[in-house]
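Remarks on the structure that follows.
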Amino acid sequence: MRTSSFVQKKEKLGNNETLVFDFEGTLLQSTSLFPYFMLVAFEAGGILRSVILFLSYPLIWLLGEDQLGLNIMVFLCFFGIRKDTFRTGSAVLPKFFLEDIKGEGFEALICYERKVATTQLPRIMVENFLKDYLGVEAVMAKELKSLRGFFMGVYEKKNLNKVPSCKVNGGTTGTNINNSAGMVDRKHVEFIDQGQLNQESKEDCLADEKRNCHVLSREKYPKPLIFHDGRLAFMPTLACSLVLFVWLPFGLFLCLVRFTIGIALPLNLSAPILAFTGTRTTFSRPQSTGSLVHSEEKEKGMLYVCNHRTLLDPLYVSTVLGKPLFTVTYSLSRLSETVSPIKTIRLTRDREKDREKMDKLLSLGNLVVCPEGTTCREPYLLRFSPLFAEITANIIPVAIDVKVSMFYGTTASGYKCLDPFFHFLNPSPTYSIKFLGMLPQSQTCQGGGKSKIEVANFVQKEICKALGFACTNMRRKDKYLVLAGNEGISARNNCHR
């Protein structure tokens with residue numbers, strides 16, 4: 001159905017109407033559910049489980065993805081997965097759902113205030129996205145069986161022909177809505193009027209799905225996609241999954257070579273060799289800043305303030321400058337700290353102690369900091385901690401962007417010690433570094449009388465302008481609550497992730 005038809009129909013409907021739509025058939029571009037199950041298999045189950053799913057696809061295709069094949073994918077992806085730690089549906093899949101939504105279908109959907117979705121996917125995979133991003137009030141989906149906290153990989157045998165009640169204008173509609181098939185037909189949209197399916201409103205909403213179809217643009221997302229987790233940076237269709245598994249043996253070897261070169265050779269030697277292996281770095285060097293520094297500050301080093309894309313940010317800044325730097329961090333694995341080519345100092349989150357540490361490091365040389373406190377993959381900057389603004393007026397903002405094609409070198413719920421390995425596992429990871437020049441003294445605490453928050457916000461905005469990103473007030477805590485269900489603190493050893 002065309003968007004205009006939806007709008008015209010909406011004008012004729014009353015406030016008590018609820019739209020029932022099929023999620024896959026109405027909104028998704030992809031005609032196969034395999035990529036979404038591959039995401040679950042890889043992110044929640046690991047590489048072995050995803051390989052098994054891939055090798056099983058010929059059988060799945062023969063049996064049909066909407067019949068026995070679907071049950072096979074559910075079993076292979078979920079059997080033995082812990083129920084209480086499964087966050088792929090809320091932390092990973094929303095990104096790929098948004099990138100797969102048809103613009104026309106979304107524009108039609110938002111015409112209605114109240115919506116009920118039907119789906120063939122297990123509820124735990126899709127309910128969070130449908131409610132948080134599309135404003136769906138109820139989801140008709142199958143539940144997965146669990147035993148002692150682990151998924152069994154099969155569906156619950158419950159009556160799936162009932163939808164939870166939806167409140168409309170103080171009343172209730174949609175109570176015990178029955179559909180003899182257990183799911184709305186994949187190529188139709190139905191309306192519910194005071195709990196009864198209005199058969200006269202059935203229309204073929206996908207009649208023109210092949211015509212004038214476009215992917216929903218980021219500007220039209222119902223809410224910004226700021227945080228997401230998972231290692232895969234691409235939609236693992238059947239063809240892309242084949243490329244992934246063919247590349248992995250070569251990629252692992254190349255990753256080990258890159259990692260060994262990075263930690264065994266000096267920066268001036270490792271940089272050109274790493275470039276030869278496929279890593280790319282584009283940069284603009286800073287201009288001379290000596291004449292801008294007050295005499296009382298000349299004894300201190302320069303403070304490079306950058307946004308945070310991966311744990312390798314300080315190392316790349318040091319490589320571009322051609323000289324060693326100090327860096328500080330709240331979150332770093334012991335392995336990364338041990339093999340780091342530059343000196344890394346842990347902070348304590350005690351403001352006074354951390355300020356003393358950073359001030360001492362600046363008296364010994366140059367320092368690079370990432371005041372966001374955690375990495376962000378999307379074109380957004382999190383709120384900057386203002387601590388750096390108290391220490392010196394010798395501030396140089398640094399704008400950093402990273403492009404990868406296969407794997408993200410960051411994680412919120414996985415093993416952070418593997419972050420550099422996943423970054424170097426990409427065929428050709430690209431770092432873009434832009435030095436913005438020294439901060440004017442009028443915009444510092446020491447020279448311009450600005451507050452530390454004003455300085456932090458100014459630096460954040462300058463970096464955003466250079467990258468074409470957007471500023472946010474989100475913090476590290478917000479990221480971990482969304483992606484990992486905690487505040488970024490490991491209960492096992494009480495250390496910050």
Side-chain angles (χ1 to χ4, degrees), residues 47 231-234 243-287 301-302 304 306-329 331-345 361 365-370 375 377 396 398-411 414-436 467:
I47 182 66
R231 293 294 190 181
L232 290 182
F234 64 96
V243 173
L244 168 66
F245 296 130
V246 170
W247 166 255
L248 273 179
F250 302 99
L252 287 171
F253 173 76
L254 186 60
C255 170
L256 293 175
V257 170
R258 289 169 171 171
F259 198 81
T260 302
I261 292 172
I263 63 176
L265 298 179
L267 292 175
N268 59 342
L269 293 179
S270 63
I273 298 177
L274 288 174
F276 181 76
T277 67
T279 63
R280 299 178 181 178
T281 306
T282 62
F283 59 89
S284 62
R285 291 183 179 277
Q287 299 177 349
M302 300 303 302
Y304 296 94
C306 60
N307 60 304
H308 205 6
R309 303 302 273 182
T310 79
L311 294 178
L312 300 172
D313 294 340
L315 177 59
Y316 272 89
V317 172
S318 179
T319 300
V320 169
L321 291 173
K323 55 186 177 182
L325 300 174
F326 296 109
T327 187
V328 293
T329 180
S331 174
L332 191 68
S333 69
R334 294 294 181 186
L335 175 62
S336 299
E337 186 178 19
T338 301
V339 302
S340 175
I342 61 177
K343 184 65 175 178
T344 303
I345 291 84
L361 292 173
N366 299 313
L367 175 65
V368 57
V369 298
C370 302
T375 56
R377 299 171 175 179
I396 296 181
V398 184
I400 297 178
D401 198 9
V402 177
K403 301 295 183 184
V404 295
S405 57
M406 278 194 173
F407 303 101
Y408 288 113
T410 61
T411 183
Y415 295 104
K416 298 190 75 66
C417 61
L418 298 180
D419 286 0
F421 290 96
F422 272 100
H423 177 79
F424 286 128
L425 195 56
N426 286 284
S428 184
T430 301
Y431 248 89
S432 175
I433 302 176
K434 184 176 182 180
F435 295 86
L436 305 185
L467 294 172

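Sequential numbering from 1 along the given sequence is applied to the chain's residues.
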Measure the [atom1]-[atom2] distance between [X] and [Y] for me, rounded to the nearest 0.5 Å.
X	Y	atom1	atom2	value
Leu425	Leu418	CG	CG	10.5 Å
Lys403	Thr430	NZ	OG1	9.5 Å
Phe424	Leu252	CZ	CG	14.5 Å
Ile433	Ser284	CD1	OG	9.5 Å
Thr410	Leu311	OG1	CG	8.5 Å

I'd like to know if the side chain of [X] and the backbone of [Y] have a donor-acceptor N/O pair within less than 3.5 Å.
X	Y	value
Thr344	Thr327	no
Asp401	Ser432	no
Asn426	Met406	yes

_Side-chain donor-acceptor pair present, Arg309, Thr375, cut-off under 3.5 Å_ =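 On atom types as modelled, these side chains do not qualify, holding no pair under 3.5 Å.
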_Ignoring hydrogens and geometry beyond distance, is a side-chain donor-acceptor pair present between Thr279 and Arg258 at under 3.5 Å?_
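No.
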Testing the basics here: between [X] and [Y], what is the closest heavy-atom pair and its distance to 0.1 Å?
X	Y	result
Val402	Val404	CG1-CG1, 4.1 Å
Leu269	Ile273	O-CG1, 3.3 Å
Ser270	Gly262	CB-CA, 4.3 Å
Asp419	Gly409	CB-O, 3.2 Å
Pro427	Ser405	CD-OG, 3.5 Å
Cys417	Pro420	O-CD, 3.7 Å

Flag the pair [X] / [Y] as yes when at least one side-chain heavy-atom distance between them is below 4.5 Å, and no otherwise.
X	Y	value
Leu367	Val328	yes
Leu244	Phe407	yes
Leu325	Tyr304	yes
Lys434	Phe283	no
Leu274	Thr281	no
Trp247	Leu254	yes
Ile345	Thr329	no
Phe435	Ile396	yes

_Tell me whether the count of non-hydrogen atoms from other residues, nucleotides or ligands lying under 6.0 Å of CZ in Phe250 goes above 12._
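No, CZ of Phe250 has 12 or fewer neighbouring heavy atoms, counting only those of other groups under 6.0 Å.
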*Show your working on side-chain hydrogen bond (donor to acceptor under 3.5 Å, both in side chains) between Thr411 and Arg231 and close with a plain yes or no.*
CA-CA 7 Å; Thr411 183; Arg231 293 294 190 181; 4.5 Å; no
*Please, which pairs that meet side-chain hydrogen bond (donor to acceptor under 3.5 Å, both in side chains) have at least one residue in residues 310-319, sequence neighbours excluded?*
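For residues 310-319, and leaving out neighbouring residues, the side-chain hydrogen bond (donor to acceptor under 3.5 Å, both in side chains) pairs sorted by first residue read His308-Asp313, Thr310-Tyr431, Asp313-Tyr431.
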_I'd like to know whether Val398 forms a side-chain contact (heavy atoms from CB on, under 4.5 Å) with Leu436, so could you lay out the CA-CA distance, the side-chain angles of the two residues, the decisive distance to 0.1 Å, and finally the verdict._
CA-CA 6 Å; Val398 184; Leu436 305 185; over 6 Å; no
*Derivation and outcome, side-chain contact (heavy atoms from CB on, under 4.5 Å), residues Ile47 and Leu248*: CA-CA 10 Å; Ile47 182 66; Leu248 273 179; 3.3 Å; yes
*Ring centres of Phe259 and Phe421 under 6.0 Å apart?*
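For Phe259 and Phe421, the ring centres are under 6.0 Å apart.
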